[in-house]
Colleague: 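Structure incoming, see below.
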Amino acid sequence: MSYELIGSGPGRVALTHSLAMDGSFWRPVAERLADAATVLTWDCRGHGASDKPAGPYTVELFADDLAAVFAEIGWEQAVVGGASMGGCVTLAFAGRHGDKVTGLGLFDTTAWYGPDAPRQWAERAEKGITEGLGALVGFQQTRWFGDAFRAANPGLVQESVDVFLKNDVRAYAESCRMLGAADLRALLPGIKVPTRIVVGEEDYATPPAMAEAIHAAIAGSTLNVVKGGRHLTPLEVPDVIAAELRQLIEAAR
């Protein structure tokens, strides 16, 4: 597993990126937290500079990978957060390694993509394999970022596209199938740590209704719907996401 530690504040935060991104996804947020926490960012298996073994992949396997990184760096506990795929991994981590979690940040994510998810995600995996990741770029850009944001931030959008296109297509396909199979709903009522949920108002990939379902199932959780936000709010509104994580850092103290 490839990972990076950013900042030197007294808190500890571990952040997991979205599908087909890597740990650099979190740099804008991590830099805003550098005074409050040491922030762990990492590349999930099949992504970035981490190994890309054959599948099948599961969100539970990814959660165990994160636990292995904790052991490597000597962390016993942290606030744990994730975006999209990373949110699913974060929920799995809370279910399997709950003693390591002091708070949860769930951003633009879901506990379950729905009854049609296995077919839909398998189709996306197959399109990537047969047509190449470039065939998915247009679809991804409009889901990731709102229209005004794309127009105002072409450099950031291009950086995200570049990371996407560097993916190993077989590992990408395994990760797609993993998300199609993921169902973490049974874990939600058992989560007792402070939990903050954020979703973009215009998120088409994990719509606000999915965030509302998580919020309803986790007692005491908070929900922030970002006006005009789309699917990658940690990149669109890093100040908002950093503020949510600061609240969790303070609660952990």
Side-chain angles (χ1 to χ4, degrees), residues 1-4 14-26 40-72 80-98 100 106-137 139-140 143-144 160-188 205-206 210 231-232:
M1 296 294 107
S2 177
Y3 64 87
E4 182 179 8
L15 299 173
T16 303
H17 58 79
S18 63
L19 173 67
M21 295 290 104
D22 59 21
S24 67
F25 173 90
W26 285 108
L40 165 66
T41 66
W42 65 299
D43 299 349
C44 294
R45 87 168 47 206
H47 293 74
S50 289
D51 285 346
K52 300 169 180 63
Y57 294 168
T58 67
V59 289
E60 292 78 15
L61 181 60
F62 281 31
D64 291 347
D65 288 340
L66 179 56
V69 177
F70 271 43
E72 172 73 18
V80 182
S84 193
M85 178 189 81
C88 295
V89 174
T90 295
L91 286 171
F93 188 85
R96 294 172 72 83
H97 306 282
K100 302 183 188 302
L106 303 172
F107 310 119
D108 315 304
T109 194
T110 186
W112 183 55
Y113 280 95
D116 294 332
R119 175 185 58 79
Q120 292 168 343
W121 281 104
E123 288 173 356
R124 193 184 306 186
E126 187 61 25
K127 186 177 179 70
I129 290 170
T130 58
E131 300 181 33
L133 293 176
L136 296 169
V137 166
F139 166 78
Q140 291 295 160
R143 285 166 78 85
W144 287 341
S160 300
V161 169
D162 291 345
V163 172
F164 179 78
L165 290 174
K166 287 178 183 176
N167 275 270
D168 178 284
V169 70
R170 297 288 173 181
Y172 172 79
E174 290 291 356
S175 299
C176 286
R177 297 185 191 104
M178 171 185 82
L179 292 176
D183 185 354
L184 299 151
R185 291 174 293 172
L187 300 176
L188 302 181
T206 52
M210 291 183 174
H231 186 53
L232 298 186

Colleague: Among all residues two or more places apart in sequence or in another chain, which pass the side chain to side chain contact (heavy atoms under 4.5 Å, CB included) test with S84?
Modeller: S18, Y113, H231
Colleague: Distance check, rounded to the nearest 0.5 Å: N167 atom CG versus K52 atom NZ?
Modeller: 8.0 Å
Colleague: Determine whether M21 and W144 satisfy the following criterion, side chain to side chain contact (heavy atoms under 4.5 Å, CB included), listing intermediate values before the conclusion.
Modeller: CA-CA 11 Å; M21 295 290 104; W144 287 341; 3.8 Å; yes
Colleague: Charged N to carboxylate O below 4.0 Å: is that the case for R45 and D65?
Modeller: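 Looking at D65 together with R45, the answer is yes, because their closest N to O distance falls below 4.0 Å.
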Colleague: Nearest 0.5 Å, please: how far is CH2 in W42 from CH2 in W26?
Modeller: 13.0 Å
Colleague: Is any side-chain heavy atom of L15 closer than 4.5 Å to one of F25?
Modeller: no
Colleague: Report the C-alpha distance between L136 and F164 in whole Å, list the side-chain angles of each, state the deciding distance to 0.1 Å, and finish with yes or no for side chain to side chain contact (heavy atoms under 4.5 Å, CB included).
Modeller: CA-CA 10 Å; L136 296 169; F164 179 78; 3.9 Å; yes
Colleague: In Å and rounded to the nearest 0.5 Å, what is the OG to NE2 distance from S24 to H17?
Modeller: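 Interatomic distance, S24 OG to H17 NE2, rounded to 0.5 Å: 8.5 Å.
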Colleague: Given the rule in the side-chain hydrogen bond (donor to acceptor under 3.5 Å, both in side chains) test, do H97 and D64 qualify, once you have shown the distances and angles that lead to the verdict?
Modeller: CA-CA 8 Å; H97 306 282; D64 291 347; 2.8 Å; yes
Colleague: Minimum heavy-atom separation for C176 and W121, please, with both atom names.
Modeller: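 Heavy-atom minimum between the residues: O-CB, 3.2 Å.
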Colleague: Would you give the length of the straight line joining atom CZ of R143 to atom CG of D108, rounded to the nearest 0.5 angstrom?
Modeller: 12.0 Å
Colleague: Taking NZ, NE, NH1 and NH2 as the nitrogens, is one of them in D183 or R185 under 4.0 Å from a carboxylate oxygen of the other?
Modeller: yes
Colleague: Show the nearest heavy-atom pair for residues S50 and D43, with the distance to one decimal.
Modeller: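 Heavy atoms of S50 and D43 come nearest at OG-O, 2.5 Å.
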Colleague: Return the CG to OG1 distance between L40 and T16, rounded to the nearest 0.5 Å.
Modeller: 7.5 Å
Colleague: For residues A67 and F93, report the shortest heavy-atom separation together with the two atoms involved.
Modeller: N-CE1, 3.6 Å
Colleague: Check step by step if side chain to side chain contact (heavy atoms under 4.5 Å, CB included) holds for Q120 and L179.
Modeller: CA-CA 10 Å; Q120 292 168 343; L179 292 176; over 6 Å; no
Colleague: In terms of ring plane angle, is the pair Y57 and F62 parallel, tilted or perpendicular, where the classes change at 30° and 60°?
Modeller: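 Rings of Y57 and F62: tilted, 30 to 60°.
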Colleague: Could you measure the distance from the OG1 atom of T58 to the CG atom of L61? Nearest 0.5 Å is fine.
Modeller: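 T58 OG1 to L61 CG: 4.5 Å, rounded to 0.5 Å.
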Colleague: Is there a side chain to side chain contact (heavy atoms under 4.5 Å, CB included) between T90 and F107 once you walk through the steps?
Modeller: CA-CA 10 Å; T90 295; F107 310 119; over 6 Å; no
Colleague: If I compare all heavy atoms of L188 with all of A111, which pair ends up nearest, and what's the gap?
Modeller: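 Looking at all heavy atoms of both residues, the shortest contact is CD1-CB, 3.9 Å.
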Colleague: List, one per line, each side-chain donor-acceptor pair under 3.5 Å for residues 126-133, sequence neighbours excluded.
Modeller:
residue	atom	partner	partner atom	Å
K127	NZ	E131	OE1	3.1
K127	NZ	E131	OE2	3.4
T130	OG1	E126	O	2.8

Colleague: Please report the shortest heavy-atom distance between A63 and R96, naming the atom on each side.
Modeller: CB-CD, 4.4 Å
Colleague: Tell me the closest heavy-atom pair linking S175 and H47, and the distance in Å.
Modeller: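 Closest approach of S175 to H47: OG-CE1, 3.3 Å.
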